[in-house]
Amino acid sequence: MKKRFLILTCAVLAFGVVSCKKEGCTDPTATNYDKKATKDDGSCETGSAPNTEDQTYVPKFAGTFGTLVAIKSISSTSTPIGEVETSVGTAVAVFSEDSGSTFMKAGTVKVNSQSLSLQNNNSYVYMIGATNPTGISYSNLVEWDATGSDWPAFSTSTNQGFSTIG
């Protein structure tokens with residue numbers, strides 16, 4: 001009789017432990033998200049954008065960096081003959097050695113053989129125009145080249161593809 005009682009007690013205790021819900025933040029967009037939590041305890045903390053009315057937000061970068069951004073935008077339009085997709089490609093590049101306070105020239109900067117225009121602040125932008133209204137043609141491969149100036153020459157590529165945002 002004692003053995004049955006102990007086994008039944010252990011089974012009830014084991015079930016109680018397994019069935020307990022772990023409280024915590026269950027919002028995956030919160031800064032304190034707990035992936036083990038199964039019950040929201042109201043503790044979720046979300047980051048907020050800086051108040052631009054009171055201050056100017058300035059991102060902080062650690063020292064020397066180059067940023068290469070390729071942008072591919074796809075629009076879908078309904079027509080009498082069906083859906084028509086239009087793809088537009090553009091790009092931006094910046095180079096800095098002082099945590100982004102100033103940008104440096106990198107000579108001629110190209111992405112997929114298309115030259116970016118040097119701006120007054122030494123950033124580079126691909127300008128879509130009447131001669132090329134859909135901009136840069138991107139496949140899965142994005143190739144960057146720069147001839148060098150204050151920033152050294154470089155050539156790099158990636159085939160990781162583009163993130164999709166609905």
- Task: Please round to the nearest 0.5 Å and tell me the distance separating atom OG1 of Thr156 and atom CH2 of Trp144.
- Result: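 The CH2 atom of Trp144 is 10.5 Å from OG1 of Thr156, to the nearest 0.5 Å.
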- Message: Is there a side-chain contact between Val111 and Leu68 in this structure, where contact means two heavy atoms from C-beta onward sitting under 4.5 Å apart?
- Response: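 No; the side chains remain at least 4.5 Å from each other.
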- Query: Going by heavy atoms in the side chains, are Leu141 and Ser157 under 4.5 Å from each other?
  - Reply: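 A side-chain contact exists here, since the closest heavy-atom pair is under 4.5 Å.
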- Query: Where the side chain of Thr90 meets the backbone of Tyr126, is there a donor-acceptor pair that is under 3.5 Å apart?
  - Reply: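 Checking the backbone N and O of Tyr126 against the side chain of Thr90, a donor-acceptor pair under 3.5 Å is found.
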- Should Val69 and Ile136 be regarded as members of a common hydrophobic cluster, given that ILVMFWY residues are connected when their side-chain heavy atoms come within less than 4.5 Å of each other, either directly or indirectly?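 Not linked; separate clusters.
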- Message: If we ignore hydrogens and angles and just use 3.5 Å, is the side chain of Thr108 paired with the main-chain N or O of Thr147 as donor and acceptor?
- Response: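 Not at all, since once roles are kept as given, no pair shorter than 3.5 Å links the two residues.
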- Message: Are the side chains of Ile74 and Ser87 in contact, using a 4.5 Å heavy-atom criterion?
- Response: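 Sidechains of Ile74 and Ser87: in contact.
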- Query: Is there a side-chain contact between Lys72 and Val142 (heavy atoms, below 4.5 Å)?
  - Reply: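 A side-chain contact is absent here, since even the closest heavy-atom pair is not under 4.5 Å.
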- Message: Quick check against the 3.5 Å criterion: does Ser96 have a side-chain atom that pairs as donor or acceptor with the backbone of Thr102?
- Response: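 Checking the backbone N and O of Thr102 against the side chain of Ser96, a donor-acceptor pair under 3.5 Å is found.
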- Message: Distance check, rounded to the nearest 0.5 Å: Asn159 atom CG versus Ser139 atom OG?
- Response: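 So the gap between those two atoms works out to 9.5 Å.
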- Would a 4.5 Å heavy-atom cut-off, applied to side chains only, mark Trp151 and Val94 as touching?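 Of all side-chain heavy-atom pairs linking Val94 with Trp151, none is under 4.5 Å.
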- Message: Looking at every non-hydrogen atom in both residues, tell me the closest pair between Ile128 and Pro133 and how far apart they are.
- Response: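 Closest approach of Ile128 to Pro133, heavy atoms only: CG2-O, 3.3 Å.
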- Message: Starting from Phe103, can I reach Phe154 by hopping between I/L/V/M/F/W/Y residues whose side chains sit under 4.5 Å apart?
- Response: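 No, separate clusters.
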- Minimum heavy-atom separation for Ala106 to Ala146, with atom names?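 For Ala106 and Ala146, the tightest heavy-atom pair comes out as O-CB, 3.5 Å.
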- Path from Val109 to Phe65 over hydrophobic side-chain contacts below 4.5 Å: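 Val109 does not cluster with Phe65.
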- Message: Same cluster or not: Val88 versus Leu116, using hydrophobic residues (I, L, V, M, F, W, Y) connected whenever any side-chain heavy atoms lie under 4.5 Å apart?
- Response: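 Yes, Val88 connects to Leu116 through the hydrophobic network.
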- Item | Heavy-atom side-chain contact between Asn122 and Met104 under 4.5 Å |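 In short, these two side chains do not touch, never coming nearer than 4.5 Å.
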- Task: Can you see which heavy atom on Ser43 is nearest to which on Gly24, and at what distance?
- Result: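 Minimum heavy-atom separation between Ser43 and Gly24: OG-C, 4.1 Å.
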- Item | Any donor-acceptor N or O pair under 3.5 Å, side chains Ser75, Glu85 |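 Short answer, no.
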- Message: Tell me whether Asn112 contacts the main-chain N or O of Ser137 through its side chain, where contact means a donor paired with an acceptor under 3.5 Å.
- Response: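 Yes; judged by distance alone, with no hydrogens or angles, the pair exists.
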- Item | Aromatic ring pairing Phe95/Tyr124, orientation class (parallel under 30°, perpendicular over 60°, tilted between) |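 If you compare the ring of Phe95 with that of Tyr124, the planes turn out perpendicular.
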- Neighbour count above 12 (heavy atom, 6.0 Å) for Glu83 CD: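 Count over threshold, so yes.
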